[in-house]
Asks: 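Before I ask anything, let me first share the structure, which is written out below as structure tokens.
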Amino acid sequence: MSSMNAPQREAVMYTQGPLLVLAGAGSGKTRVITEKIAHLIASGQREAKHIAAITFTNKAAKEMRERVAKRVKGDAAEGLTISTFHALGLRFLQQEAARAGLKRGFSVFDSDDQMGIVKDLLPAGTKNDVLERLRGLVSRAKNEALTPEQAAELAKSAVEREAAKLYEKYQARLAAFNAVDFDDLIRLPVLMLEADADFAAAWRERIRYLLVDECQDTNGAQYRLLKQLAGPRGAFTCVGDDDQSIYAWRGAQPENLELLGSDYPNLKVVKLEQNYRCASRILRLANTLIANNPHANPKTLWSDQREGEKIKVWRCENNEHEADRVAAEIDYLNKAKEIPFADFAILFRGNHQSRALEKSLQMLRIPYHLTGGTAFLDRAEVKDALGWLRLIANPEDDAAFLRAITTPARGIGGTSLARLAELAQQHHMPMDRAARQLSILKQLQPRIAAAVSEFTGIVDRLRDEAESVAAPALVRSLVERSGMLDALRAQTKDKAGFERRRANLEELADWFDGPKSAIGDLAAQMALLTHADRGEPGNAVRLMSLHGSKGLEFRAVFLVGLEDGTLPHEASMEEGRLEEERRLLYVGITRAKEHLVLSHSLEAKRWGDTLRLQPSRFLAELPQGDLARDGADPEAEAESKKARGRAHLAAMAALFDKPK
DNA sequence: GGTGAGCTTCTTTAC
DNA sequence: GAAGCTCACC
């Protein structure tokens, strides 16, 4: 506390009314939030159980919980809520399920399930991009907590009217499945709180102080939830930075920061402008870049850190060459400067860019930890197991039913399932129940009916087991009894592949090894876990998207793929949405404490043919005197040649002592 | 009618 | 470079 600067201290101490903290990158905002929680508790102003802090990711929530735990004595932090908006919404709905019109054990649909419904509701053969566009529009309306009627009224084009119609049918389908989607986790609580003042007041009795991090990335629905929970008195602290707003594409409204001022006239604003993270040169780079964006309330981020070395800009032949150079440089810095692997991050625009990097890192035996993309939770076997769990918890979840009954394959194909679905619909019952009706089974082929009954028998036994057994054991049992494991063994040709998948399922079981809540609640929570939340990365280089890097910091940062079309992304260029892309680069640059490398390739292979790439236009916006460019600087060139030589040698060495 | 092999399609970002 | 789709085979 004593080591804080004046505005930080002010942000911590001010609890009399609504507060907005405009916090630049690296200005210690997480610290302010944790200190403030500690202060609220220690000063006796609020009990921990009446405080809720909202973070942007589960991972950030976990980190914050750990920091608060260290800061607060004994069990004073007991009952404190630190979670994402979505996790808070889920908890809300689980507690208020009946009021929300949900039955216990309801499912949370991810975007795949969502897409499944959309596909089902639209004519067969509708193009993928049309489906995606409509799904996006429905989601957009829900992110504003609009009803289907409101969405229809506000529709400005034919496609938006179509989306509004789809929205209505989509909700009916969700309801039939006793399911909600991600957007509902915010939307439903908002509608419920807004509809009933007493109900809202009761919730405000439980949450008496609210802290919201990354406020610039809240969408309309989240902002309304904030207002409902904070109430007219405005017992909240919001922290945000409009320069780090990078989620407009999923409905975030950075103007919510300004809206706070008009919704709460007594709003106090504190600015944190001293950066404690980056070397001065890195900060100058970031400031110069972001000055190209228009600013309503300009702020000046400054730092009294040392100047730091020049920022390297690498021009590479292609992304393999780029990846080799990155790996070689990490290897070199790790050995020569003893920078631990965990202090390195490689950041990119799209998750697919990680592939080449992984290959190069493996070649040099550099441990790495990849977050995001088609990681753990998107693995087929993991989704299958989760589908089973969902079905066990929620018999009305047809999506889960379909997933479970087809994994492993048990001789029931699309035609039969379509028939069963049709019969279920005729009888107005979920498939799980229909599959147990004798009259319905009779209308299927005898062979199919037998297979269906065998399946429902397994489900029944697992439901019984769920009553008595802990979650991890249930997962193991389900993997066994469903026949998944045997099928997996038979399918995978190599033993290693099978073991990997089995390990994934084992890991899934371990994930449930948390506090003892009902299986159904856990299955719903699983849907919220992000790829970024997975496992302990240990001492490994971090690979992640620029979006995923928000809020983190590293001694050395490599920003790869700085080409026009990659960053800024093609689609953003076409739509003239360059500002958010610029902010994305800004976020990336400000992750670095000491070392920063910006690299781009001259060529890329894009399905089949090679295309020439131009360096990112953002490179030209940087202060050129602070850059050490390939070619322009003979010293850097020589260094890069040496690095390549080292990489080659290391790779050769690695080849020779390959472990079995 | 179900299943697996081989084809094509498309690649932002994520709660 | 993987997931989705079609088609031929069982």
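Only heavy atoms go into these numbers, but all of them, side chains included; no hydrogens, no water, no symmetry mates. Everything quoted here is computed from the prediction, not taken from an experiment. Numbers restart at 1 for each chain; the letters A, B, ... are given by sequence-line order, proteins then strands.
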Asks: In terms of ring plane angle, is the pair Phe401(A) and Phe455(A) parallel, tilted or perpendicular, where the classes change at 30° and 60°?
Replies: perpendicular
Asks: Could you please spell out the steps behind the ring-ring contact (aromatic ring centres under 6.0 Å, His included) verdict for Trp249(A) and His547(A)?
Replies: CA-CA 12 Å; Trp249(A) 53 272; His547(A) 284 88; 5.7 Å; yes
Asks: Rounded to whole Å, how long is the line connecting atom CD1 of Ile246(A) with atom C1' of dA14(B)?
Replies: 10 Å
Asks: CD of Gln353(A) versus P of dA2(C): gap in Å, rounded?
Replies: 16 Å
Asks: Could you give the CE-to-C1' distance, from Met115(A) to dC5(C), as a whole number of Å?
Replies: 15 Å
Asks: Give me the one residue out of Arg390(A), Lys383(A), Arg403(A) that meets side chain to side chain donor-acceptor pair (under 3.5 Å) with Asp113(A).
Replies: Arg390(A)
Asks: Phosphate oxygens OP1/OP2 of dA14(B): is one of them under 4.0 Å from a side-chain N or O of Ser545(A)?
Replies: yes
Asks: Separation of Asp384(A) atom CG from dA3(C) atom P, in whole Å?
Replies: 12 Å
Asks: In whole Å, what is the span from the CG atom of Leu585(A) to the P atom of dT13(B)?
Replies: 17 Å
Asks: Any side-chain N or O of Lys119(A) below 4.0 angstrom from OP1/OP2 of dC5(C)?
Replies: yes
Asks: Any sub-3.5 Å donor-acceptor pair from Arg591(A)'s side-chain atoms to Val587(A)'s backbone N or O?
Replies: yes
Asks: Quick one: is Thr57(A) getting a side-chain N or O under 4.0 Å of the dA14(B) phosphate, OP1 or OP2?
Replies: no
Asks: Looking at dG1(B), dA2(C), dT13(B), which one has an atom nearest to any side-chain atom of Arg355(A)?
Replies: dA2(C)
